[in-house]
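One structure is given here, and the rest of the page talks about it.
Every number for a ligand or one of its atoms is a count from 1 in the order of the listing. Residue numbers run from 1 in the order of the sequence given.
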Amino acid sequence: MRIVSVVGARPQFVKAAAVTRALRSRPGMEEILVHTGQHYDPEMSDVFFSELGLPAPDRSLDVGSGSHASQTAAIMVALEKVVTEERPELVLIYGDTNTTLAAALVAAKLFVPIGHVEAGMRSFDRAMPEEINRLLADHVSAMHLCPTRTAVGNLRAEGITDGVHLVGDVMADLLHLSLPHRRRAALAEAGVSPGEYYVLTLHRAGNTDDPNRLDAILRAAAKLDRPVVFPVHPRTAKAMETAGIRPEGSLRPVAPAGYLSFLALTSEARAVLTDSGGVQKEAYMLAVPCVTLRAETEWPETVEAGWNVLADADPHAIIAGVERRPAADHPDLFGDGRASERIADLCEAFGA
Ligand code: UD1
Ligand code: UDP
């Protein structure tokens with residue numbers, strides 16, 4: 001069985017780290033790992049390879065940044081060549097980035113079946129580039145590897161019922177393996193004590209590209225009663241510079257963190273403020289209350305369970321959100337940490 005796995009952005013390195021490990025442990029399974037180069041700064045890319053045991057990419061496309069069309073097209077042109085040369089029996093794609101969409105289009109048009117890890121996620125907001133990417137990717141995929149029941153239901157509502165598998169969340173697999181590392185060092189580096197700080201991440205286009213929202217969120221975070229450790233995504237750093245917004249008050253901006261440090265910081269935080277998909281889930285898995293800086297979420301289970309609130313960019317809701325105590329119950333929402341093994345089983349069965 002020959003599989004081409006395509007990654008390119010930070011959350012995809014995390015997701016693929018779990019799946020690659022499971023795939024490569026199977027005899028007869030050959031994986032060709034392709035890095036599109038959508039993310040390329042060392043702290044957005046290399047650190048994940050070195051920390052997570054991800055093998056070095058077999059092929060690097062080095063596309064870099066660009067507009068949606070130019071980035072997606074550059075990935076398609078380079079990847080078409082790779083898939084044609086490698087002749088895989090399956091292409092695995094992850095999540096909802098431009099890398100995901102480009103790989104889906106290339107594989108579909110070369111008649112190579114696609115397995116989509118994290119299929120079926122929906123925000124029902126088509127102003128999000130990710131929503132377009134995931135809708136289109138799901139509709140050309142053969143194997144839908146869903147993290148939650150909600151995802152399975154979303155696909156069913158769009159008429160997709162074949163090849164749909166509820167496998168659990170691959171981010172849970174990796175989190176279980178990685179958690180004990182670096183906790184004390186990460187807090188010491190950030191100069192914070194357990195339970196006495198917040199963590200903030202912000203990079204969604206809807207927040208960074210609207211100076212009013214960006215300013216409202218950062219002003220609210222700056223007013224919080226404890227330090228706010230803020231690993232700044234490069235997109236956000238540029239947006240803050242352009243809008244002339246300087247971090248003040250409680251905000252403690254730092255460079256994007258490596259995965260192990262980030263998990264360590266999250267696990268001891270009083271609450272997490274974020275517009276990230278992956279970080280909302282990780283906060284839940286670590287039983288840390290989350291305030292989501294969006295009006296909707298692809299992970300509504302976390303809100304229904306009473307551990308996540310949708311504060312959007314509303315300063316009052318953000319400040320009230322961090323003060324709100326979570327529910328007493330903490331049901332298991334994201335699976336048992338064996339999603340990647342199930343995905344490897346399904347890939348083997350697909351090739352048989
Ligand atoms: C992308 C994904 C988003 C995902 C996020 C994870 C799309 C449309 N968006 O958003 O779904 O949640 O990754 O972090 O695919 N930049 C650097 N260095 C880098 C990478 C990016 O400086 O290593 C800067 C560039 O100025 C670039 C900007 O960040 O133009 C945005 O990068 P891009 O990959 O286009 O989108 P993200 O906002 O990172
Ligand atoms: N992450 C990290 N360092 C950071 C911020 C996030 O390692 O400074 C990790 C985080 O633990 C999660 C993943 O990156 O596993 C989420 O990626 P991101 O928020 O960039 O994208 P999204 O999930 O929103 O697509």
Side-chain angles (χ1 to χ4, degrees), residues 7-18 35-48 51-52 62-72 74-75 93-103 118 121 123 127-134 136-137 147 169-175 178-179 182 186 190 199-209 229-242 253-267 269 272-283 285-286 288 292-294 297-299:
V7 297
R10 176 165 71 184
Q12 294 168 327
F13 307 137
V14 176
K15 290 163 199 168
H35 185 337
T36 63
Q38 176 169 349
H39 286 173
Y40 44 85
D41 286 346
E43 65 269 27
M44 295 296 289
S45 174
D46 298 0
V47 66
F48 294 89
E51 282 191 354
L52 302 183
D62 296 322
V63 299
S65 303
S67 68
H68 284 283
S70 62
Q71 186 176 59
T72 309
I75 298 170
I93 59 174
Y94 295 83
D96 54 18
T97 72
N98 287 348
T99 288
T100 316
L101 175 62
E118 222 174 65
M121 304 321 303
S123 63
M128 281 180 82
E130 294 85 356
E131 185 77 352
I132 308 296
N133 292 346
R134 32 171 119 97
L136 296 174
D169 198 301
V170 296
M171 292 179 86
D173 302 14
L174 197 67
L175 183 130
S178 313
L179 191 57
R182 285 191 56 80
V199 168
L200 165 67
T201 82
L202 194 63
H203 70 271
R204 206 54 67 200
N207 285 330
T208 59
D209 298 4
V229 182
F230 176 28
V232 188
H233 189 291
R235 175 188 201 106
T236 315
K238 284 183 189 145
M240 287 169 68
E241 201 182 312
T242 307
V254 293
Y259 177 75
L260 298 177
S261 300
F262 188 76
L263 267 197
L265 278 171
T266 303
S267 68
V272 168
L273 301 99
T274 191
D275 61 7
S276 158
V279 175
Q280 286 175 65
K281 276 189 285 183
E282 286 168 350
M285 292 184 241
L286 295 166
V288 174
T292 293
L293 306 164
R294 292 173 47 193
T297 178
E298 297 79 21
W299 310 101

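Look at Leu263 and you'll find every heavy atom at least 4.0 Å from all atoms of ligand 2. Between Glu130 and ligand 2 there is no heavy-atom distance shorter than 4.0 Å.
The shortest N/O to N/O separation between Phe48 and ligand 2 does not fall below 3.5 Å. Considering backbone and side-chain N/O atoms, Phe262 never comes within less than 3.5 Å of an N/O atom of ligand 2. For the pair Thr201 and ligand 2, the shortest N or O to N or O distance does not fall below 3.5 Å. Among the atoms of Pro256, none of the N or O lies under 3.5 angstrom from an N or O of ligand 2. Where the criterion is an N or O separation shorter than 3.5 Å, residue side chain and backbone included, Gln38 meets it with respect to ligand 1. Looking at Arg10 next to ligand 2, an N or O pair under 3.5 Å apart turns up. Taking only nitrogen or oxygen atoms, main chain and side chain alike, Arg204 reaches within less than 3.5 Å of ligand 2.
In summary, the side chains of Thr201 and Thr274 do present a donor paired with an acceptor at a separation below 3.5 Å, with no hydrogens or angles considered. Remark: the Glu130 side chain and the Ser123 side chain contain no N/O donor-acceptor pair separated by less than 3.5 Å. Under 3.5 Å, the side chains of Ser261 and Glu51 contain no donor-acceptor pair of N or O atoms. A donor-acceptor contact under 3.5 angstrom links the side chains of Tyr40 and Ser65, judged on distance only.
Of the inter-residue distances, the one linking Leu136 atom CG with Asp96 atom CG reads 12.0 Å to the nearest 0.5 angstrom. Distance OG1/Thr242 to CG/Asp209: 9.5 Å, rounded to 0.5 Å. Between Lys15 atom NZ and Ile93 atom CD1 the span is 11.5 Å, to the nearest 0.5 Å. Atom NE2 in His68 sits 8.0 Å away from atom CG in Asn133 (nearest 0.5 Å). Atom CG of residue Asp275 and atom CE of residue Met128 lie 8.5 Å apart, to the nearest 0.5 angstrom.
Under the 30°/60° scheme for interplanar angles, the aromatic rings of His233 and His39 are found to stand perpendicular.
Nearest protein neighbour of atom 6 (C) of ligand 1, counting heavy atoms only, is Pro11 CD, 3.4 Å. For atom 3 (N) of ligand 2, the closest non-hydrogen atom of the protein is Ala257 O, 2.7 Å. Of the protein's non-hydrogen atoms, Gly278 N, 2.8 Å is the one closest to atom 23 (O) of ligand 2. Closest to atom 17 (O) of ligand 2 among all protein heavy atoms lies Pro11 CB, 3.6 Å. The nearest protein atom to atom 19 (O) of ligand 2, hydrogens excluded, is given as Ser276 OG, 2.7 Å; this is a heavy-atom distance. Given atom 3 (C) of ligand 1, the protein heavy atom at minimum distance is Glu130 OE2, 3.3 Å. Regarding atom 8 (C) of ligand 1, its nearest protein heavy-atom neighbour is Asn98 OD1, 3.3 Å. Nearest protein heavy-atom neighbour of atom 16 (N) of ligand 1: Tyr40 OH, 3.6 Å. At the top of the distance list for atom 4 (C) of ligand 1, counting protein heavy atoms only, stands His203 NE2, 3.8 Å. Atom 27 (C) of ligand 1 has its closest protein heavy atom at Ser65 OG, 3.3 Å. Here the heavy atom of the protein found nearest to atom 18 (N) of ligand 1 is Asp41 OD2, 2.9 Å.
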> Are Phe13 and His35 close enough, and set up right, to give a side-chain contact (heavy atoms from CB on, under 4.5 Å), and what steps lead you there?
Replying inline: CA-CA 9 Å; Phe13 307 137; His35 185 337; 3.5 Å; yes
> Stepwise, does the side-chain hydrogen bond (donor to acceptor under 3.5 Å, both in side chains) test hold for Thr266 with Glu282?
Replying inline: CA-CA 8 Å; Thr266 303; Glu282 286 168 350; 5.5 Å; no
>> Show, in sequence, the C-alpha distance, side-chain angles and deciding distance for Glu298 and Arg134, and conclude whether the side-chain contact (heavy atoms from CB on, under 4.5 Å) test is met.
In response: CA-CA 11 Å; Glu298 297 79 21; Arg134 32 171 119 97; 3.1 Å; yes
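Between the side chain of Glu131 and the main chain of Ala127, no donor-acceptor pair closer than 3.5 Å is present. The backbone N or O of Arg294 lies less than 3.5 Å from no partner atom in the side chain of Thr292, so there is not a single donor-acceptor pair.
When heavy-atom distances to ligand 1 are checked against a 4.0 Å cut-off, His39 comes that close through both its backbone and its side chain. At a heavy-atom distance under 4.0 Å, atoms from both the backbone and the side chain of Arg235 approach ligand 1. Contact annotation for Ala205 and ligand 1: no heavy atom of the residue comes within less than 4.0 Å of the ligand. Residue Pro231 touches ligand 2 through its side chain alone, judged by heavy-atom distances below 4.0 Å.
Close approach of ligand 1 to Lys238 is summarised as follows: ligand atoms under 4.0 Å from at least one heavy atom of the residue are 22 (O), 24 (C), 25 (C), 26 (O). Atoms of ligand 2 found under 4.0 Å from any heavy atom of Met171, numbered from 1 in the order shown, are 12 (C), 15 (O). Per-residue contacts place Glu282 under 4.0 angstrom from the following atoms of ligand 2 (heavy atoms of the residue considered): 10 (C), 11 (O), 12 (C), 15 (O). Which parts of ligand 2 touch Gly258 is read off a 4.0 Å heavy-atom cut-off, strictly below it: atoms 7 (O). Which parts of ligand 1 touch Met44 is read off a 4.0 Å heavy-atom cut-off, strictly below it: atoms 23 (O). Remark: ligand 1 atoms within the under-4.0 Å shell around heavy atoms of His233 are 14 (O), 37 (P), 38 (O), 39 (O).
Across Asn207 and Leu293, no two heavy atoms sit closer than the pair ND2-O, 2.9 Å. Thr100 approaches Gly95 most closely through the heavy-atom pair CG2-O, 3.2 Å.
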